[in-house]
Q: 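One structure, pasted below without further comment.
Here is how names work: the chains are called A, B, and so on, in the same order as the sequence lines, proteins then strands, and each is numbered from 1. Reckoned from all heavy atoms, side chains included, excluding hydrogens, waters and symmetry mates.
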Amino acid sequence: MGTRLHQNKRLQLFLGLAAGFCFGFLLEKGNVTRYDVILGQLLLYDFTVVKVMLSAVVTGMIGVYALRSAGLVRLHPKPGGWGRSALGGLIFGLGFATLGYCPGTIAGAVGQGWLDALAGGLTGITVGAGLFAAAYPRLKERILLKGDFGTKTLPELLHVKSWAVVIPVAALIIALLAWIERSGL
Amino acid sequence: MTWLTLDHWSPYAVGAGIGVLSWLTFLLSDKPIGCSTAFARTSGMIERLFRGPKAMERPYYKEFPPVVDWEWMLVAGIILGAFTSAKLSGRFSLTWVPSLWASTFGPGALARVAVALVGGILLGFGARWAGGCTSGHGISGTLQLAVSSWVAAVCFFVGGIAAAFLIFRVIG
């Protein structure tokens, strides 16, 4: 279904805005658009960010894989590899703790009135993305494609049916959340 | 409708809500939720403003054209949604310095903004290097069980925890 819906450009821009509105509303209600909460997570005394992320992953994973089994959606796994995902992830992590917001939550922080996010953070992220665009041709062959694993998913990597991974991962995440809750974190 | 004006909701309810939202974006828009590409597109738009069409010769902008797309609108929507939620609960306020920062490094806005700028540059650079952020890799990619996203998400937190301890436990 949906190819006609998916190709309606103007409607899609509106749907993007609507999805963003809901996402921003949820992030603000989840307290995760706050510097203090994000740093609390990275300093390992406030587990709000992990609770929100893991419950989003478990809910999203079961639903998206069910919709895929029903033939209603297709997956869009991002390409990556050790060079791209691991090194890029570590640089991102340094920025994450230094800024105290991420690219999604900073938009929410701006909506909440945080001026450090608006003046410093938004400017910085845009400059950083631009610097990467300029460095991209030189980085691409030398580092980014090292240890590439393409767009593989875990079930493809392990050569098993999707649900053989979805169900154990869901169980592990729920057990982890239960443990976090029991430890009072 | 008092739940709309609450200060905050249970993190599990918020997470489940984001999960359901991702079913809808896959179904209605054939798109996972993600945010950092929008910043790269914006940066391309700004570069084009200053350098003209020559800026568009960058190979990166051939792969990610600097246009307003679904994801760009998503990021704009986040600002509006968070603003609405904060207004409803009376938590909206214009503030320069978060309290945790102020308690360690003082209430000066200039230092906080300068560090936020440096952090933002690292974040934007790293997000595009990894090809995604806490939303695109951390939630949407991991829920699709993408190998790249699980590696990236673990590294986001490894780098983040190391830097946070350095900033607040070593320097601060």
Q: Under 4.5 Å heavy-atom distance to chain A, tell me which part of Ile139(B) shows up: side chain, backbone, both or neither.
A: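 Contact with chain A is through both the backbone and side chain of Ile139(B).
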Q: Looking at Leu100(B), is its backbone amide N or carbonyl O close enough to the side chain of Asp36(A) to form a donor-acceptor pair, meaning the two atoms are under 3.5 Å apart?
A: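 Here the side-chain-to-backbone pair exists.
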Q: Which atoms of Ser93(B) come close to chain A, meaning under 4.5 Å heavy atom to heavy atom: side chain ones, backbone ones, both, or neither?
A: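 Just the backbone, heavy atoms under 4.5 Å.
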Q: May I ask you to test the Asp30(B)-Val73(A) pair for a side-chain heavy-atom distance under 4.5 Å?
A: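 No, every pair of side-chain atoms sits at 4.5 Å or beyond.
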Q: Could you pull out the closest heavy-atom pair between Ala86(B) and Gln112(A), with the gap in Å?
A: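 Reported closest heavy-atom pair: CB-CG, 3.9 Å.
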Q: Pick from Ser85(A), Gly100(A), Pro79(A), Cys22(A): which one has the most heavy-atom pairs with chain B under 4.5 Å?
A: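 If we count pairs closer than 4.5 Å to chain B, Ser85(A) comes out on top.
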Q: CG/Leu94(A) to CD1/Ile121(B) distance, rounded to the nearest 0.5 angstrom?
A: 13.5 Å
Q: Among Pro11(B), Cys35(B), Ser36(B), Ser140(B), single out the residue with the greatest number of heavy-atom pairs under 4.5 Å to chain A.
A: Pro11(B)
Q: What closest approach, in Å, do His76(A) and Pro32(B) show between heavy atoms, and which atom pair accounts for it?
A: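 Minimum heavy-atom separation between His76(A) and Pro32(B): CB-CG, 4.0 Å.
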Q: So which of Ala133(A), Gly30(A), Cys102(A) has the biggest tally of heavy-atom pairs under 4.5 Å with chain B?
A: Ala133(A)
Q: Given that the side chain runs from C-beta out, which part of Glu47(B) has a heavy atom under 4.5 Å from chain A: side chain, backbone, both or neither?
A: neither
Q: Taking all heavy atoms of Ser89(B) and all of Lys29(A), pick out the closest pair and write down the distance.
A: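 For Ser89(B) versus Lys29(A), the nearest heavy atoms are CB-NZ, 4.1 Å.
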Q: Could you give the distance from CG (Asp116(A)) to CG (Leu110(B)), rounded to the nearest 0.5 Å?
A: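 It is 12.5 Å, given to the nearest 0.5 Å.
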Q: Can you measure from CH2 (Trp23(B)) to OG1 (Thr59(A)) and round to the nearest 0.5 angstrom?
A: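 If I round to the nearest 0.5 Å, the distance is 7.0 Å.
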Q: Which answer fits Val154(B), side chain, backbone, both or neither, if we ask what part of it has an atom under 4.5 Å from a heavy atom of chain A?
A: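 Neither the backbone nor the side chain of Val154(B) comes within 4.5 Å of chain A.
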Q: Does the side-chain contact (heavy atoms from CB on, under 4.5 Å) test come out yes or no for Thr153(A) and Gln144(B), once each step is laid out?
A: CA-CA 7 Å; Thr153(A) 62; Gln144(B) 296 178 72; 5.6 Å; no
Q: Looking at Lys140(A) and Glu63(B), is there a salt bridge between them, counting it only when a charged N and a carboxylate O are closer than 4.0 Å?
A: yes
Q: Can you see which heavy atom on Ala146(B) is nearest to which on Pro77(A), and at what distance?
A: CB-CB, 3.8 Å
Q: Going by distance alone, is a donor N or O of one side chain under 3.5 Å from an acceptor N or O of the other, for Glu181(A) and Tyr12(B)?
A: yes
Q: Name the member of Gly141(B), Ala153(B), Ala127(B) that forms the most heavy-atom pairs with chain A at distances under 4.5 Å.
A: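 The option with the most such pairs is Ala127(B).
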Q: Measure across Ser22(B) and Gly60(A) and return the closest heavy-atom pair with its distance rounded to 0.1 Å.
A: OG-CA, 3.7 Å
Q: Could you tell me whether the side chain of Leu145(B) reaches within less than 4.5 Å of the side chain of Val169(A), counting heavy atoms only?
A: yes
Q: Quick one: which residue pairs count as a side chain to side chain donor-acceptor pair (under 3.5 Å) with a foot in residues 69-82 of chain B, not counting sequence neighbours?
A: Ser29(B)-Trp70(B), Thr37(B)-Glu71(B), Arg41(B)-Asp69(B), Thr42(B)-Trp72(B)
Q: Considering only heavy atoms, which portion of Phe23(A) lies under 4.5 Å from any heavy atom of chain B: side chain, backbone, both, or neither?
A: both
Q: State, to 0.1 Å, how close Ser55(A) and Gly15(B) come at their nearest heavy-atom pair, and which atoms those are.
A: OG-CA, 3.6 Å
Q: If you count heavy-atom pairs within less than 4.5 Å of chain A, which of Gly120(B), Gly17(B), Ala114(B) leads?
A: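 Ranked by contacts with chain A, first place is Gly120(B).
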Q: Roughly how far apart are Leu74(B) CG and Leu13(A) CG, rounded to 0.5 Å?
A: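 Rounded to the nearest 0.5 Å, the CG-CG separation comes to 11.5 Å.
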Q: Can you tell me how the ring of Phe25(A) sits relative to the ring of Trp9(B), calling it parallel under 30°, perpendicular over 60° and tilted otherwise?
A: tilted
Q: Between CD1 of Ile161(B) and CZ of Phe96(A), what distance do you get to the nearest 0.5 Å?
A: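 Interatomic distance, Ile161(B) CD1 to Phe96(A) CZ, rounded to 0.5 Å: 9.5 Å.
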Q: For Ile167(B), is it the side chain, the backbone, both, or neither that has a heavy atom closer than 4.5 Å to a heavy atom of chain A?
A: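 Only the side chain of Ile167(B) comes within 4.5 Å of chain A.
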Q: Measure centre to centre between the rings of Phe132(A) and Tyr60(B), then say whether the value is under 6.0 Å.
A: yes
Q: Measure the spacing between CG of Leu72(A) and CZ of Phe26(B) and express it to the nearest 0.5 Å.
A: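 Rounded to the nearest 0.5 Å, the CG-CZ separation comes out at 13.0 Å.
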Q: Considering only residues two or more places apart or on different chains, which pairs with a residue in residues 146-167 of chain B satisfy side chain to side chain donor-acceptor pair (under 3.5 Å)?
A: His137(B)-Ser149(B)
Q: Hey, which of Asn31(A), Val110(A), Val58(A), Val127(A) has the most heavy atom pairs under 4.5 Å with chain B?
A: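 Maximum pair count with chain B is reached by Asn31(A).
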